[in-house]
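Next up is a structure, given as structure tokens.
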There are 2 protein chains.
Amino acid sequence: MPASYAYLGPEGTFTEVALRTLPEAATRELVPYVSVQSALDAVRAGEAEAAFVPIENSVEGGITTTLDELVAGAPLMIYREVLLSIAFALLVRPGTKLSDIKTVTAHPAAQPQVRNWLKANLPDAVWESAASNADGARLVQEGRYDAAFAGEFAASRYGLEALETNIHDAENAQTRFVLVGRPARPAARTGADKTSVVLWQRDDHPGGLRDLLGEFATRGINLMLLQSRPTGAGIGNYCFCIDAEGHISDRRVAEALMGLKRICLQVRFLGSYPRADVRPEEVRPLLPGTSDEEFAAAADWVARCQDGRF
Amino acid sequence: MPASYAYLGPEGTFTEVALRTLPEAATRELVPYVSVQSALDAVRAGEAEAAFVPIENSVEGGITTTLDELVAGAPLMIYREVLLSIAFALLVRPGTKLSDIKTVTAHPAAQPQVRNWLKANLPDAVWESAASNADGARLVQEGRYDAAFAGEFAASRYGLEALETNIHDAENAQTRFVLVGRPARPAARTGADKTSVVLWQRDDHPGGLRDLLGEFATRGINLMLLQSRPTGAGIGNYCFCIDAEGHISDRRVAEALMGLKRICLQVRFLGSYPRADVRPEEVRPLLPGTSDEEFAAAADWVARCQDGRF
């Protein structure tokens, strides 16, 4: 397998910074791609071992480009996640003052995270979207725009200086990234794991979605993300991207997935992988009756009943 | 009240075309605004009677800018919805051939709807985002880009011609727009109505969302949209924008909203309004036991029991 990771480039973006926090990234060649789609296509085509892309952030929610790529096409699997706190710096050519700034740029995803800051500090600046935050910095270097919102780490690369740092409209602004590869055995259970699936309802009826969620709730499984995505069959037709606490080797999770497989039109397993937000010792206690031991004991009891030995 | 409707401008976009399908638009001054935020702010400030903005489309799902504006800030209410089929034309300066096109532009929301067409027909064209589809057409007129994706109706306004029409990656591509005003009495029940609410969970626990949806399911109410939106309190913290079938004056809907009011941290009522997708005679039959008459009869029966007269 080629020892390279594709990632959403260019170099010098938050994605690269997040990727470099993974120990395994140190032993791989890291190759920037121009889009989430092209990075994931490289994995599907076998050109890269895995791809590292943003999937959720605390301001915009699920990142729809990534979710839509995972929902459709050849199946892929998530193996790792990384959480990165996001704060923007306002990068300018050396000597530029705040009052000189007429145009600002950044990736469109940055806009909701700096909107209030802009309104308060640069109410008349014209926003122009860039292909990435790093590309915005490059365009400032070239003189096309006056200022770019990007990571402070991008300043030196483009010969810019940070006029302002730590810009973020929401406290605790974070982006979640995932390392995505071709389907294989999931990462081993750590005790603080997350399982991602996509669900398609069999038909649309009152209580349909409640019943799907009941497969998790009945087994004491907490949900961490529920993001509806259009199926492409017209307004009101959605599938559901769900992140649930636990690992597919946990009995409660395995049983919930079996339940979903029975009642859904389609279930796509997107992987079980270690959670980046908590360590195993920090995971919330299981609800009574939902541990592996209790599932095993209950299965034994039913088997004995079936055998007349209760 | 000022007799004007704000709408997401500029002129010549799908939004204006959709707005003009509303009979009441004929008697109002229609004023374009540069953003969803500014159009809704005009309503909140009393400068406009109502604002007309996109809220959902069949390719991208819920339009997050609009949902986030309705979720936060001074309360607003939805009074009408309009569904518009979306197909793009590729607009160029007269005489341009497909092989001449090096750069294409449109609003970022258009990109997922034309992505496959682009890949098949203009794989090397560079995409540049425009503030709106109409603005993209203007930039083509000015010579800044070679081609713009926009409604075919925009061609004549900008002296362009349509090199290709009816471009849409997904069949049945539709956008849903809403007319939003300050809170007042909802539009009267028509028999084919929709009720929109935003729900905030009291706390995060296994089954929490299932229980919220149970308030609808228990009363036979079908959901048409469930879109999670970040609360701003960090990754994994979401509120839920929900569209449900029925009108707040339907007893089943009123009782579901009362249930949600009891169990949620917060409920924001966003309005009950006529559905644009079906006429009253086309609405699916109610589940047994969920009609107004059955709710009334059941309430009478409980009252008689409380009185010892059953």
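The model shown is predicted, which means the values in this text are computed figures rather than measured ones. Atom set for the values below is all heavy atoms of this structure, side chains included, hydrogens, waters and symmetry mates excluded. Every chain is numbered from 1 and lettered A, B, ... according to where its sequence line falls, protein lines coming before strand lines.
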Checklist line | CZ/B:Arg279: more than 12 non-hydrogen atoms of other groups inside 6.0 Å | finding: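 Not more than 12 within 6.0 Å, no.
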
Item checked: Greatest number of heavy atom pairs closer than 4.5 Å to chain A - which of B:Gly220, B:Ser129, B:Ala244 ->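 The candidate making the most pairs under 4.5 Å is B:Gly220.
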
Next item on the list: Report the C-alpha separation of B:Arg210 and A:Glu215 in whole Å, then their side-chain angles, then the decisive distance to 0.1 Å, and conclude whether the salt bridge (charged side-chain N to carboxylate O under 4.0 Å, His left out) test is met.
Entry: CA-CA 9 Å; B:Arg210 191 261 319 249; A:Glu215 296 290 337; over 6 Å; no

Next item on the list: Look at B:Gln227, B:Glu60, B:Met224, B:Arg229 and state which one has the largest set of heavy-atom pairs under 4.5 Å with chain A.
Entry: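 Winner by heavy-atom pair count: B:Glu60.
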
Checklist line | Winner by heavy-atom pair count (cut-off under 4.5 Å) against chain A, out of B:Gln174, B:Gln111, B:Glu245 | finding: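 Greatest number of close heavy-atom pairs with chain A: B:Gln174.
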
Note to self: Checking the side chain of A:Ser228 only, and the main-chain atoms of B:Leu226 only, is there a donor and an acceptor separated by less than 3.5 Å?
What the structure shows: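 Yes: the side chain of A:Ser228 pairs with the backbone of B:Leu226.
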
Item checked: Worked check of side-chain contact (heavy atoms from CB on, under 4.5 Å) between A:Asp277 and B:Ile235 -> CA-CA 9 Å; A:Asp277 57 334; B:Ile235 287 264; over 6 Å; no

Margin query: Please classify the contact between A:Thr231 and chain B as side chain, backbone, both or neither, with a heavy-atom cut-off of under 4.5 Å.
Written below: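 For A:Thr231, neither part sits under 4.5 Å from chain B.
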
Notebook entry, point to check: Looking at B:Gly61, B:Ala173, B:Ala217, B:Pro230, which has the largest count of heavy-atom pairs under 4.5 Å with chain A?
Noted result: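 With the most close heavy-atom pairs to chain A, the winner is B:Pro230.
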
Checklist line | Steps toward side-chain contact (heavy atoms from CB on, under 4.5 Å) verdict (B:Arg115, A:Thr65) | finding: CA-CA 12 Å; B:Arg115 192 183 283 150; A:Thr65 323; 4.1 Å; yes

Next item on the list: Identify which part of B:Ala130 has an atom lying under 4.5 Å from any heavy atom of chain A, answering side chain, backbone, both or neither.
Entry: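 Answer is neither: B:Ala130 stays 4.5 Å or more from chain A.
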
Next item on the list: Pick one of side chain, backbone, both or neither for A:Ala233, based on which atoms fall under 4.5 Å of a heavy atom in chain B.
Entry: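 Answer is backbone: N, CA, C or O of A:Ala233 sit under 4.5 Å from chain B.
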
Next item on the list: Side chain from CB out, backbone as N, CA, C, O: work out which of these in A:Leu212 comes under 4.5 Å of a heavy atom of chain B, or both, or neither.
Entry: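 No part of it gets close to chain B.
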
Notebook entry, point to check: Contact part of B:Tyr238 toward chain A, heavy-atom cut-off under 4.5 Å: side chain, backbone, both or neither?
Noted result: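 Just the side chain, heavy atoms under 4.5 Å.
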
Notebook entry, point to check: A:Arg176 versus chain B, heavy atoms under 4.5 Å apart: side chain, backbone, both or neither?
Noted result: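 Answer is both: backbone and side chain atoms of A:Arg176 are under 4.5 Å from chain B.
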
Check: Judged by atom type as modelled, is there a donor-acceptor pair below 3.5 Å linking the side chain of B:Ser58 to the main-chain atoms of A:Gly232?
Finding: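 Judged by distance alone, no pair lies under 3.5 Å.
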
Next item on the list: Check each atom of B:Arg219 against the heavy atoms of chain A and say whether the ones under 4.5 Å are side chain, backbone, both or neither.
Entry: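 Neither; nothing under 4.5 Å.
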
Note to self: Does anything in residues 196-206 of chain A reach chain B? List residues with heavy atoms under 4.5 Å apart, or say none.
What the structure shows: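 Hits under 4.5 Å: A:Asp204, A:His205, A:Pro206.
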
